[in-house]
Amino acid sequence: MFSLIVHGGAGPHRDQEDGAGAQEGCLAAARAGAEVLAKGGSALDAVELAARLLEDDPRFNAGTGAVLNVDGEVELDASVMDGETLRAGAVAVVKTVKNPVSLARLVMERTPHVMLVGEGADAFARSQGIPAIAPGALITPLQRARWLEAQGAKHGTIGAVALDARGQVAAATSTGGTSGKLKGRVGDSPLIGAGTVADSRWGGVSSTGLGEFIIRVGLARTVLEGMRRGLTPDAAAAEGIAELVRIGGDGGAIAVRTSGEVGWAFSSERMAGAWARDGGREGTFFERTGSVR
Ligand code: ASP
């Protein structure tokens with residue numbers, strides 16, 4: 001048995017007019033991650049691969065295609081957690097790395113730390129042989145145009161959560177954050193318990209939405225707690241989102257339970273995503289029907 005679910009960020013419709021394209025990108029990433037799991041690969045490898053594909057897809061606000069900060073620069077945040085050992089790695093305000101999720105995994109595996117930020121994170125990437133990308137290489141014409149037009153707050157994120165055939169769970173989240181953000185702003189995505197959490201006893205979660213609210217309700221941990229109490233991933237995600245809405249936030253969460261089910265909930269107009277399970281079962285989601293989900 002294995003399961004994997006990914007999201008391409010929650011938000012209003014104006015942030016993502018191409019709903020079909022977003023679902024297509026999510027499904028491709030979910031299928032690639034599921035292929036790793038079908039071959040007996042680890043949940044950690046599966047979420048890293050799925051997240052890298054979404055980072056490389058310019059339709060999503062992570063890696064290539066990330067939104068720009070107030071100075072027109074890309075500053076990336078990402079995290080990963082291994083539910084087997086509860087080890088975690090994260091990076092924030094990274095400017096010269098194409099795939100921050102992989103750098104987060106290196107922080108987890110090759111340092112005694114959980115998070116590196118800014119210049120230190122970029123320097124660590126160099127020490128690990130990750131080449132510096134050319135300045136501006138991750139900036140797409142669309143994001144440059146949006147920045148020039150200063151079109152309100154844009155955001156979005158990508159995330160992946162998987163359960164492997166050994167019963168282990170992993171989760172990963174990666175983002176460009178919110179457009180026009182102050183230099184040095186860090187959202188929920190690199191924070192364990194807010195943007196990402198995994199514990200193989202119960203499941204794993206990845207969040208999306210305005211980080212300033214998600215951090216305050218510890219959204220990923222709240223959803224995990226629901227699954228620990230026996231809720232399905234859908235019900236646990238809906239409970240977490242209700243907490244977010246209660247304080248004026250808006251967003252979504254995806255979850256996998258150790259028993260194999262996948263689930264999601266969102267209060268925003270849309271959240272692109274896809275899931276894949278053993279037996280060729282798969283699906284996509286985008287628009288919300290009802291108040292949550
Ligand atoms: N959570 C991300 C952040 O606040 C943005 C998003 O998911 O839309 O950085």
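Below, all heavy atoms of this structure are taken into account, side chains as well, without hydrogens, waters or symmetry copies. Counting starts at 1 for both ligands and their atoms, in listed order.
When heavy-atom distances to ligand 1 are checked against a 4.0 Å cut-off, Arg185 comes that close only through its side chain, counted from C-beta outward. Neither the backbone nor the side chain of Ser207 has a heavy atom within less than 4.0 Å of ligand 1.
Of the N or O atoms in Gly209, one or more lie within a sub-3.5 Å distance of an N or O in ligand 1. Taking distance alone, with nitrogen or oxygen atoms compared against 3.5 Å, Thr208 approaches ligand 1 more closely than that limit. Residue Leu210 places no N or O, backbone or side chain, under 3.5 Å from any N or O of ligand 1. Between Thr157 and ligand 1, at least one pair of N/O atoms sits closer than 3.5 Å.
Donor-acceptor pairing under 3.5 Å is lacking for the side chains of Asn99 and Ser102. Under the 3.5 Å distance criterion, with hydrogens and angles disregarded, a donor-acceptor pair is assigned to the side chains of Ser206 and Thr173.
Within ligand 1, the atoms closer than 4.0 Å to a non-hydrogen atom of Gly211 are 3 (C), 4 (O), numbered from 1 in the order shown. Taking every heavy atom of Ser189 and a limit of under 4.0 angstrom, the matching atoms of ligand 1 come to 1 (N), 2 (C). Near Gly177, the atoms of ligand 1 lying under 4.0 angstrom from a non-hydrogen atom of the residue are 9 (O). Heavy-atom proximity to Asp188, at under 4.0 Å, picks out these atoms of ligand 1: 1 (N), 2 (C), 3 (C), 4 (O). Near Gly156, with a cut-off below 4.0 Å to any heavy atom, the atoms of ligand 1 are 5 (C), 6 (C), 7 (O), 8 (O).
Between Thr258 and Arg201 there is no side-chain heavy-atom pair separated by less than 4.5 Å.
A salt bridge links Glu48 with Arg105: the closest approach of a Lys/Arg side-chain nitrogen to an acidic carboxylate oxygen falls below 4.0 angstrom.
Residue Val97 is tested with Val91, Leu138, Val74, Asp122 for a side chain to side chain contact (heavy atoms under 4.5 Å, CB included); the sole match is Asp122.
Note on residues 252-266: pairs passing salt bridge (Lys or Arg N to Asp or Glu O under 4.0 Å), not counting sequence neighbours, are Arg257-Glu261.
Here the OG1 atom belonging to Thr178 is positioned 10.0 Å from the CD atom belonging to Glu75, to the nearest 0.5 angstrom.
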Expected list for residues 186-193: side-chain donor-acceptor pairs under 3.5 angstrom, two or more places apart:
none

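Given atom 8 (O) of ligand 1, the protein heavy atom at minimum distance is His155 ND1, 2.4 Å.
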